[in-house]
Amino acid sequence: MSLSSRGTTVVNPSRGGIFRSVLVLLIVFAAIVAAFPLIWMLLSSLKTPTESMQTPPVWFPATPSLDAYRDVAAVIDASRSFWNSTVIATTTTIGILVTSLMAGYAFAKYRFKGRDLLFAAMIATMFLPPIVTLIPLYRMVSYLHFDGSLLGVIAPNLANAFGIFLMRQFIAGVPDDLIDAARVDGASELRIVFTVVAPAIVPAIAALALFAFVYQWNTYLWPLTVLQGNTSDFPIVLSLGRLLSYNRGAMNTNLVMAGATLAVLPPLVLFVFLQKFFVDSIVSAGVKG
Amino acid sequence: MKSLTKLGFAALLAATALTPMGAAAANVELTYLTHWAPDTVALLEKAAAAYSEKNPDVAISVRAVPFGDLLTTIRSGGSGGGTTIASIYDLWLPELVRDGMVAPAPEAVAGEVGSAWPAGIAAAASVNKVTYGIPNEVDLYALNYNKTMFEKAGIGAPPATWDEFEKDAAKLTDPAAGTQGFGLINSWAAGVVHPFASLLASNGGTLIADGKPQLDSPEALQTFQLYETMVKNGWSVPAMGTADANTTGPFLDNFVSGKTGMIIMANWWESALKAGLGDKFDTIGTAPIPVGPSGTESHSISYSWMTVVNAHATDAEQKAAWDFLAWLDGPDSGKNGASAMADILQSMGILPSRSSDVAAFKSALSRPFLEGYVSQLANAKAFPIVLGGQEFTESLQQTIEQLEYGQISAADAAANAQADAESILTRAAN
Amino acid sequence: MTRAQKKPVWMMLTPAVGLIGVFVVVPMLLTIWLSFQHWSTQTGFETAKFIGLRNFEDLFSRISVGRDFRGAYFNTAVYTGISVVVILPLSVLLGLLVYQRRAPGGTFLRTVLFSTYMVPMIAVALVWSKLYSPTEGPINQILSWVGISPLTWLSAPDTALISIVILNIWQQIGYFTVLAVAGLTQIPQTLYEAARVDGANPLEEFFGVTLPLLRRTLLFSAVIAVINAVQVFEPVVLITQGGPAGSTNVLTYFIRRVGIERAQGGLGSAMAVMLMLSLIVVIVAIFAFARERKEDA
C-alpha cells in the first residue's frame with residue numbers, strides 16, 4: 001500500500017475492491033465496444049451468402065470458409081493493389097521524413113529573418129482540409145501530366161506541415177554542443193542532419209514515419225480524384241471501393257467484409273508490432289508541444 | 001555534395017519507375033472508361049483484345065470506377081487529362097458538348113447512328129443535330145411485383161390504374177409482418193426521379209416541355225399527391241427504400257426478401273434480382289406502369305447510354321477510337337449478327353438499342369422478366385436531355401425525398417420543385 | 001549570421017517549403033481566385049470569367065444550390081459540434097481508465113482503442129453500413145435484446161447524420177484517448193497529494209486538479225477534432241450520398257458534387273472559401289476561449 005509513481009493512492013481495501021471491479025467492468029465494456037465492429041467484420045467475411053442474408057443476423061458462421069477471400073483477390077487484383085499502396089505509402093513517408101528533418105532542423109537551429117512567420121505559415125496549412133484545394137490541385141497535377149499515375153498521388157504528399165512541426169519540436173531539444181562539435185569536425189550541414197541530429201531523435205522519427213505511413217495507406221479522396229479510374233494503379237482502399245459493385249444486396253456482405261479485412265490488415269499489423277513507438281511519441285510530443 | 005547527387009539520381013529513377021510507361025509495341029493507345037463491375041469489364045477487355053489482334057497497332061485498356069464516381073471522373077479529366085473513350089449517361093452530353101469535351105462523330109459513324117438506331121435514341125446521342133456518340137444500352141422502367149405476395153393478398157392481376165395501385169398497396173401492407181405495399185427509393189437520384197417521372201408520364205404529364213419545367217401542372221400535382229397518400233397511409237415506408245453508392249441496398253434487399261410488394265425499377269436490376277432470389281426469381285412479375293386519372297395510356301421513362309470520344313485526344317487517337325467503337329457496336333463483332341457490345345450488355349441482362357441487335361437477341365429478350373419491359377419500349381418517353389439536367393434531377397430528388405419523409409406537403413412539393421427547376425434550367429442555359 | 005551559414009538555410013527549407021508552397025499554398029490561392037470566377041471545372045483556367053461576388057450571392061440566395069449549401073453547412077456544423085462535445089469528455093474518461101493503475105487492463109484497452117484509428121475510413125464505412133442495416137445488422141438485434149425497437153439509423157433523415165457521427169467517433173476515439181493520456185502523464189503527483197491532504201475526494205480531485213491541467217491537451221484535441229470532423233467524406237460518398245433527404249449532405253461531399261460533378265468550379269471554390277473562413281473563425285475562437293479561461297484560473 002505504498003504510493004506508486006502513477007495515480008494510485010492509499011485506499012481502504014474493501015471499498016477499493018468494488019471500485020476496482022467497476023473499473024475492470026468499464027474497461028472490458030469499452031474494449032468490447034471498440035473491438036466489436038472489427039470482430040464482426042472478420043466473422044462476416046467467413047460466412048456464406050445465405051448466412052449473410054439471415055434476419056435476424058447470425059453471428060458465427062456455421063462452417064467458416066475462406067471463399068470470400070479467394071473471390072475478392074481474384075476480382076480486384078489484390079496483390080497489385082497492395083503493391084501500389086506500399087509504393088505510395090513508402091515513398092511519401094521517406095519524402096516526408098527527409099523534407100521534415102531538413103526543414104525542422106532549419107527552423108529549430110537556424111536564426112534568419114522571417115523564420116517565425118514562415119513557420120507559422122507552414123503550421124497554418126496544417127489546418128486546411130484537402131477538399132479546399134482539391135479542384136485546382138487536380139488541374140495543376142494534370143497540367144504537369146502526373147494525373148492517372150502513382151506520381152500524381154505521391155508528388156503533392158512528399159512534404160507535410162505536421163512533420164515539420166514535429167521535427168522542429170524535437171530537434172529543438174537536441175543539444176547545440178553536439179551539432180557544433182560536428183561542425184568543428186568539418187561535417188556539412190546536410191550530413192549533420194542525417195548523421196547527428198536524426199539519431200538523437202529516433203523515437204520521434206519512428207512516430208512520424210508510422211503516422212505518415214498509415215495516413216498515406218488509408219487516404220482515399222486524393223487518389224480517387226487523381227487516378228481517374230486507372231485501376232492498375234489503385235491502392236487497396238480504392239480497389240475496395242470497386243468491390244462496391246459487388247455490394248448487390250446482403251448476399252455479398254461476406255465479399256465486401258473480406259475486402260475490408262484485407263485492407264485493414266497491414267496498418268493494423270504494423271501498429272500491433274510498433275505501438276510502443278506510436279504511443280510513446282505522442283506522449284512525448286504532448287510533453288514538448 | 002556526393003550524397004546529394006546520389007539522392008538526385010535515386011529520385012529520378014523513382015520518378016521514372018512511377019510514371020506510366022508507354023506500351024512497347026502499339027502506335028496508338030486508347031483508354032476506355034466505364035462503370036461496369038469487374039466481371040463485365042473482363043468481357044470488354046476480351047473484345048478489345050480481339051480487336052487488337054486484327055489491328056495490332058491499336059492497344060486498348062479499360063478503366064473502371066463505381067457508378068457514383070463516373071461523372072466526377074469524367075469531369076475532372078477535362079482539358080488534357082481523361083480517357084480517350086468514355087461511356088456516358090445521355091443526360092450528361094449537353095454540358096460535355098458545351099465545354100468542348102467530346103468530339104463530333106465522323107460522317108460515316110454519324111450516318112450509321114442515324115440509320116441503324118431508332119430515331120429517339122439517335123437523337124439522344126446528338127446535340128443541335130450533330131452526333132457525338134454511339135448509343136449502346138437503353139433502359140426503361142416497369143412495375144415489378146411479387147406474385148407470391150399478390151396471391152396471398154388475393155390480388156389477381158397487377159394494377160392497371162392508380163386506383164387499383166393504391167388499393168393493392170393497401171392490401172399488401174402489413175405493419176406487423178414488416179411489409180410495405182409499394183417501395184419508394186431514396187438516396188439515389190435516378191431511383192427517386194425516374195419512377196416518379198414514369199408515373200407522371202402515365203398520368204398524361206411531363207417533366208419538361210419546350211425547355212420549360214411542368215412540375216406544378218395538375219398532372220404533376222396529382223403525382224406528388226399519390227406519393228403523399230402512399231406514405232401517409234403507411235403503404236410505403238421510406239426507411240425501407242434507401243440505396244447506396246452502388247444503386248443497391250435496403251430497397252433491393254427488402255424486395256428480394258419479400259418485404260415489399262411492388263416497386264418501380266429499371267430492367268438492368270434483373271441480375272441483382274436473380275442473384276438474390278436464386279430459383280425464386282420467377283415469383284417476380286413485371287407489368288406496365290399504372291395509368292393515372294389524367295392519363296390515357298401507360299408510359300415508362302427511358303434513358304440511354306453512349307460512348308463518346310475525348311475531344312482533347314490526338315487526331316490519331318480519335319480516329320482509332322471511332323474505328324474501334326464502330327466495330328464494337330457493329331454487327332460483325334459479336335455472335336449471330338449481334339455486336340460485341342450487345343453481347344456484353346446482355347450478359348448483364350441489359351437491353352441493347354441498335355435495331356439489328358434487338359433482332360439478333362429476339363428470343364432472349366422475350367423471356368418473362370424482360371418481356372414486361374420490351375413491350376413498353378415503343379411507348380416509352382425519353383428523360384429530357386437539357387443543359388443542367390443532372391442538377392435538375394438532383395434538385396427534384398431532394399423535393400421528392402422531403403415529401404417521402406413527410407417534411408413537406410404535396411402542394412409545397414409541386415411549388416418548390418417548379419421554382420427550383422425554373423431557376424436551374426435558366427441559369428444552365430446561360 | 002555568417003555568409004557560410006546562409007546557403008544551408010535555403011537548401012534545408014526549399015524541399016519542404018517548396019513542396020508545400022506549390023501543392024498546398026498555390027492551390028489555396030487558386031481556390032480563392034476561382035471563387036470570384038465563372039468557371040467550368042472541365043476546362044482549363046483560361047476560360048474563367050470574372051463575376052465578382054455573384055457566386056457568394058448565390059450561396060446565400062433562395063435558389064436550390066444556395067439552400068443545399070446552407071443545409072450542408074448546417075449539417076457540417078452540427079456534425080462537428082457533436083463530435084467535439086462527445087470526443088473531449090469521452091477521451092478524458094477513457095484516458096483515465098487507461099492511465100489508472102488500480103485495475104488491470106489499461107494498456108490492453110489503449111491498444112484496442114488505438115487500433116481502430118488504423119482502420120481505413122472506407123473499411124469503417126462499409127462495415128458500419130452493415131452493422132446499421134435495419135434487419136440484417138447486429139446493432140438493431142442487440143437493441144432488441146434489451147427491448148428497444150429497431151432504429152432507422154442510416155435510413156431516415158432524423159437519424160442518418162448522428163449514425164455517421166457515431167462511426168466517426170468510434171474510429172477516432174483511440175487517438176484522442178492517447179492524447180488525453182499524454183496530458184494526464186504531465187500532471188505532477190504532488191498536486192494530487194496536496195489536494196488529498198486538503199481532504200479532497202476523487203471527484204474534487206478531478207475537477208480541481210486534473211481538468212484544469214488538461215486544458216492544453218483539450219485545446220489541442222478540440223482543434224484536431226474540428227479539422228477531422230470537417231473532412232468527413234467516405235461514409236457519405238460510399239453509403240448515403242448526402243441522403244436521405246439531404247440529411248447527410250456535408251460540405252466535403254457537396255463541394256465535390258457541385259465543383260466537380262456539376263463542373264461548377266466557381267461555385268465550388270466559393271463554398272471552399274466559406275469553409276476556410278469558418279474554420280479560421282472557429283479555431284481562433286477555440287484559442288481565445290482557452291486563453292480567457294487561463295486568465296480566470
Side-chain angles (χ1 to χ4, degrees), chain A residues 4 6-9 20 23-24 26-27 30-31 34-35 37 40-41 55-57 99-100 102-103 105-106 110-112 122 125 127-129 131-133 135-137 139-140 156 158-159 161 164 189 214 218 220-221 237 240-241 250 253 256 260 263-264 267-268 271 275 279 282-283 286-287, chain C residues 1 8-9 12-13 15-17 19-20 23-24 27-28 30-31 41 94 97 99-103 105 109 111-113 115-116 118-123 126-128 130-131 135-138 141 178-179 182-183 185-186 217 227 230-231 233-234 252 255 259-260 265 268 272 275-276 279 283:
Chain A
S4 75
R6 297 287 201 132
T8 46
T9 56
R20 207 180 109 109
L23 285 181
V24 170
L26 282 175
I27 290 179
W40 174 264
M41 174 184 78
T55 54
T99 58
S100 300
M102 288 166 65
Y105 177 69
Y110 290 168
R111 269 191 296 275
F112 52 93
M122 289 294 107
T125 66
F127 299 131
L128 206 62
I131 186 66
V132 170
T133 53
I135 301 169
L137 183 61
R139 276 270 151 271
M140 282 174 53
L158 286 170
I164 300 179
E189 290 298 289
V214 173
N218 291 346
Y220 185 80
L221 179 55
V237 287
L240 195 55
T253 305
V256 177
V264 162
L268 215 54
F271 166 69
Q275 60 166 307
V279 176
I282 302 183
V283 172
V287 172
Chain C
M1 181 150 59
V9 171
M12 292 294 166
L13 287 179
V17 176
L19 280 165
I20 292 182
F23 289 114
V24 179
M28 183 186 82
L30 279 172
T31 298
T41 317
L94 288 172
L97 269 181
Y99 178 66
Q100 55 76 34
R101 284 286 169 269
R102 250 183 276 230
L109 180 60
T111 308
V112 173
L113 284 174
S115 64
T116 67
M118 303 286 113
V119 179
M121 201 38 173
I122 176 173
L126 288 174
V127 174
W128 277 82
K130 300 296 174 195
L131 293 180
T135 42
E136 285 113 4
Q141 187 187 27
V178 172
L179 279 181
T185 319
Q186 290 178 252
T217 311
I227 309 265
V230 164
Q231 294 185 30
F233 181 70
E234 280 95 324
T252 317
I255 290 176
I260 303 188
L275 174 60
M276 253 195 318
L279 268 180
I283 293 179

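Quick note on labels: first sequence line is chain A, next is B, and so on, each numbered from 1.
Atom CG of Leu279(C) sits about 8.5 Å away from atom CG of Leu128(A), to the nearest 0.5 Å. The distance from atom CG of Leu23(A) to atom CG of Leu109(C), rounded to the nearest 0.5 Å, is 11.0 Å. Atoms CD1 and CG, from Ile122(C) and Leu240(A) in turn, are 4.0 Å apart once rounded to the nearest 0.5 Å.
The only member of Ile20(C), Val24(C), Leu13(C) that meets side-chain contact (heavy atoms from CB on, under 4.5 Å) when paired with Met122(A) is Ile20(C).
Contacts of Val127(C) with chain A are made by both backbone and side-chain atoms, with heavy-atom separations under 4.5 Å. Of the two parts of Ile164(A), only the side chain, counted from C-beta on, holds a non-hydrogen atom closer than 4.5 Å to a non-hydrogen atom of chain C. Both the backbone and the side chain of Thr252(C) have a heavy atom closer than 4.5 Å to some heavy atom of chain A.
For the pair Pro120(C) and Ala263(A), the tightest heavy-atom approach, listed with the atom from each and the gap, is CG-O, 3.9 Å. A pairwise comparison of heavy atoms in Pro138(C) and Trp40(A) identifies CD-CZ2, 3.4 Å as the closest pair. Among all heavy-atom pairs drawn from Val9(C) and Tyr110(A), the shortest one is CG2-CD1, 3.3 Å. Scanning both residues, Pro15(C) and Thr99(A), for their nearest heavy atoms gives CB-CG2, 3.8 Å. When all heavy atoms of Ile27(A) and Gly105(C) are compared, the pair lying nearest together is CG2-O, 3.7 Å. Between Pro267(A) and Met118(C), the closest heavy-atom pair is CB-O, 3.6 Å.
The backbone N or O of Val132(A) sits less than 3.5 Å from a side-chain atom of Thr31(C), completing a donor-acceptor pair. Proximity of a side-chain donor or acceptor of Arg139(A) to a complementary backbone N or O of Thr41(C) within less than 3.5 Å is detected. The backbone N or O of Met121(C) sits nowhere less than 3.5 Å from a side-chain atom of Asn218(A) that would complete a donor-acceptor pair.
Qualifying side chain to side chain donor-acceptor pair (under 3.5 Å) partners for Ser115(C), counting only residues two or more places apart in sequence or in other chains: none. Ile227(C) is linked by a side-chain contact (heavy atoms from CB on, under 4.5 Å) to Phe127(A), Val223(C), Gln231(C), Ile283(C), counting only residues two or more places apart in sequence or in another chain.
Taking chain C as the reference chain and counting heavy-atom pairs below 4.5 Å, the highest number among Ala34(A), Ala260(A), Ala31(A) is found for Ala34(A). Ranked by non-hydrogen atom pairs under 4.5 Å with chain C, the options Pro37(A), Pro129(A), Ala103(A) are led by Pro37(A).
By the 4.5 Å heavy-atom criterion applied to side chains, Val237(A) and Glu234(C) are not counted as neighbours.
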